[in-house]
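Here the structure comes first, spelled out in structure tokens, and everything after it is commentary.
Source: prediction; values computed, not measured. Only heavy atoms go into these numbers, but all of them, side chains included; no hydrogens, no water, no symmetry mates.
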Amino acid sequence: MIHVIIVEDEPAIARGLSMMITQNYPDFQVIALARNGKDGLQKILELKPELVFVDINMPVMNGLDMIEQVQKSGFFTQCVILTGYAEFEYARTAIKLGISDYLLKPISPDTLKEIMVSCRQKYQAQIRILQAEYLQRCIGRTPAASENDNPLSGYHCTLLLLLFGSLCSNIYNEALITSNPPTADPSLIRKLETNYHISLFTLRGRHYNELIFAAVYPEHQTVDITVLSEKLYSSFCTPDTYTNLIVSQNIPNGQNLHEAAGNLYLYALTKNPFGFGHIQISESLSDKKIHISSEVKKICSAIPEHPALETVQDYLHSILTYWQEEKVSQFQLTTDLRYFFSTVIHDYSDENIIYPDAAEIVSSCHAYDELERTLQYELGIIYGRNSQVLPDSQQSLAKQVRNWLDMNFTTPITFKIFQDIFGHSEKYISALFKAEFGISPSKYIGELRLNMAKKLMQANPDILLKDVAEMVGYADAFYFSRVFKSHEGISPSQYAKLAKEKNF
């Protein structure tokens, strides 16, 4: 709703203009009338309207003096001068000083329409910028208890989380990515906005394999979110991986946006079936804990002591079949997988066995066949560890990879590079690297980047965050900040501030 104040000393003109606005422009609301500049100044600063109609010649304080005082107070709004023909040149001069437009008396409905359309367009452009900033701020952090000047007041908002593949529960594991992050085609966004009469914002989320949208529309408007979700989902579906769209409940006035976004991620982790894609409406989640599946416990209890590798692989296949048939969530799958690994490794006393990271394995796989291949390979490493270390050739390859990463970690790195440079798949090289150095290439790159970032900020605490991000290999400063905070517990800016205080 665009709020309007009319400052006019002729009551008949003020009432007539108010009636024309009320009857013909439902998205505009006249919230006050004032008969002189002093009264108008007080009402404008108190009510903070988006649009003011003001006469030039008025008693006590004229219109231009009033506008000047409003601007000196730090409040800027669209102002339209009401003027007669005798004051036309005066009004033209006022426009050059920043007045939005002028309206000649007597008021013409056609001229008023042009002005109202122009004001609406300007307001919508301004409010869109403010809403985008507010949405990103609320999504990215927990806002204060009451945000001042909430640009979503009077609007409804729905969040839509588009997830390509598994949800990476720890963003620190995403230093190494399979491809460029997904992007939204601007022409698609404009088309959806036009068709559904909404503002559709593309926000920066937590992971490289996601897009998060916010559909915003006035509270008096009805939008078919179900159809919108289907259009959005069908536009991004790809045969390369499974895609999920999780839709939030309606969020009035932009309240609790941070909590709503958190619920979407939690819902995706605990309710999304691994390996399957569809549209889901998020619901309130209970505090009930997720336990190890009874069927998985049953299968694991049947594994004999000191089984052969082939035997364990058969039991693993049974578990994978159960997961797929039951369409278990990613979180349930990770919980069960940890239990399976603990059962398999329990009988081994070799302290050199590297415990597989179940969460990292699950989040890096996008299908059950890929998951099974990865797990079978991990089992082979576990069993191979008891009899021998890596052959010299494999040790040499792992060291070559590490040396290359030491020299190139500040450049964009994808899994495809391993195949191109070393002639082996990312799974094979990742397994060798982890077996030799006890850390995955992803985490190794992340540690190199974060260590360099800390050294840069220690040496130059005033360095810009985006410059640090670019220098250590992150194209997105926002994402770098999330990775840094996830690992260090504080944001890069806080770290730089502490470094600066320590230097003084």
Distance-only, no hydrogens or angles: does the [X] side chain make a donor-acceptor pair with backbone N or O of [Y] under 3.5 Å?
X	Y	answer
Asn244	Gly165	no
Gln126	Tyr123	no
Asp9	Asn36	no
Asn62	Asp65	yes
His258	Cys138	yes
Ser329	Thr270	yes
Asn253	Gly154	yes
Gln78	Leu51	no
Asn460	Leu456	no
Gln136	Leu203	no

- Under the salt bridge (charged side-chain N to carboxylate O under 4.0 Å, His left out) rule, what do Arg35 and Asp39 come out as? Steps first, then yes or no, please. CA-CA 7 Å; Arg35 298 190 64 173; Asp39 186 26; over 6 Å; no
[Y] side chain reached by [X] side chain, heavy atoms, under 4.5 Å:
X	Y	value
Thr158	Val223	no
Leu162	Glu210	no
His156	Leu152	no
Met66	Ile44	yes
Asn272	Gln330	no
Ser282	Asn263	no
Thr194	Lys191	no
Gln29	Val4	no

For the [atom1] atom of [X] and the [atom2] atom of [Y], what is their distance to the nearest 0.5 Å?
X	Y	atom1	atom2	value
Glu50	Met1	CD	CE	10.5 Å
Asp55	Leu17	CG	CG	11.0 Å
Ser153	Gln131	OG	CD	10.5 Å
Phe409	Met452	CZ	CE	5.5 Å
Ile198	Asp224	CD1	CG	11.0 Å
Leu188	Glu193	CG	CD	10.0 Å

If you take all heavy atoms of [X] and [Y], which pair is closest and at what distance?
X	Y	value
Tyr196	Lys231	OH-CG, 3.2 Å
Phe213	Ile189	CE2-CD1, 3.7 Å
Ala14	Leu33	O-CD2, 4.3 Å
Thr243	Tyr233	O-OH, 2.8 Å
Val472	Ala453	CG1-N, 3.7 Å
Met20	Tyr25	O-CD1, 3.9 Å

- Are any of the side-chain nitrogens in Lys443 or Glu447 under 4.0 Å away from the carboxylate oxygens of its partner? no
- Item | Flag if over 12 foreign heavy atoms under 6.0 Å of NZ, Lys454 | yes
- More than 12 heavy atoms from other groups under 6.0 Å of CD on Gln42: no
- Message: Using salt bridge (charged side-chain N to carboxylate O under 4.0 Å, His left out), reason through Glu470 and Lys466 one step at a time and then give a plain yes or no.
- Response: CA-CA 6 Å; Glu470 291 176 2; Lys466 67 179 184 64; 5.1 Å; no
- Examine Phe274 together with Tyr368 and report whether their ring centres are nearer than 6.0 Å. yes
- Is the Tyr495-Phe484 ring centre distance short of 6.0 angstrom? yes
- Go through the steps to decide whether Asp185 and Ser187 satisfy the test side-chain hydrogen bond (donor to acceptor under 3.5 Å, both in side chains), and finish with yes or no. CA-CA 5 Å; Asp185 182 0; Ser187 63; 2.8 Å; yes
- Item | Between Ser293 and Gln332: side-chain donor-acceptor atoms closer than 3.5 Å | yes
- In sequence, state the C-alpha distance, the side-chain angles, and the governing distance for Phe164 and Tyr242, and then conclude on side chain to side chain contact (heavy atoms under 4.5 Å, CB included). CA-CA 6 Å; Phe164 304 91; Tyr242 68 98; over 6 Å; no
- Task: Check the pair Thr410, Met471 against side chain to side chain contact (heavy atoms under 4.5 Å, CB included), reporting the backbone distance first and the verdict last.
- Result: CA-CA 7 Å; Thr410 60; Met471 292 172 71; over 6 Å; no
- Task: Examine Arg120 relative to Phe28 and say whether NZ or CZ is less than 6.0 Å from the centre of the six-membered ring and inside a 45° cone about the ring axis.
- Result: no
- Message: Quick one, Glu8 with Lys105, criterion salt bridge (charged side-chain N to carboxylate O under 4.0 Å, His left out). Give me CA distance, side-chain angles, the key distance, then yes/no.
- Response: CA-CA 12 Å; Glu8 166 63 62; Lys105 304 176 188 177; 3.1 Å; yes
- Message: Quick one, Ile5 with Val30, criterion side chain to side chain contact (heavy atoms under 4.5 Å, CB included). Give me CA distance, side-chain angles, the key distance, then yes/no.
- Response: CA-CA 6 Å; Ile5 287 181; Val30 178; over 6 Å; no
- Query: Would Tyr155 and Asn150 count as a side chain to side chain contact (heavy atoms under 4.5 Å, CB included) if you check the C-alpha gap in whole Å, the side-chain angles of each, and the deciding distance to 0.1 Å?
  - Reply: CA-CA 10 Å; Tyr155 290 83; Asn150 179 357; over 6 Å; no
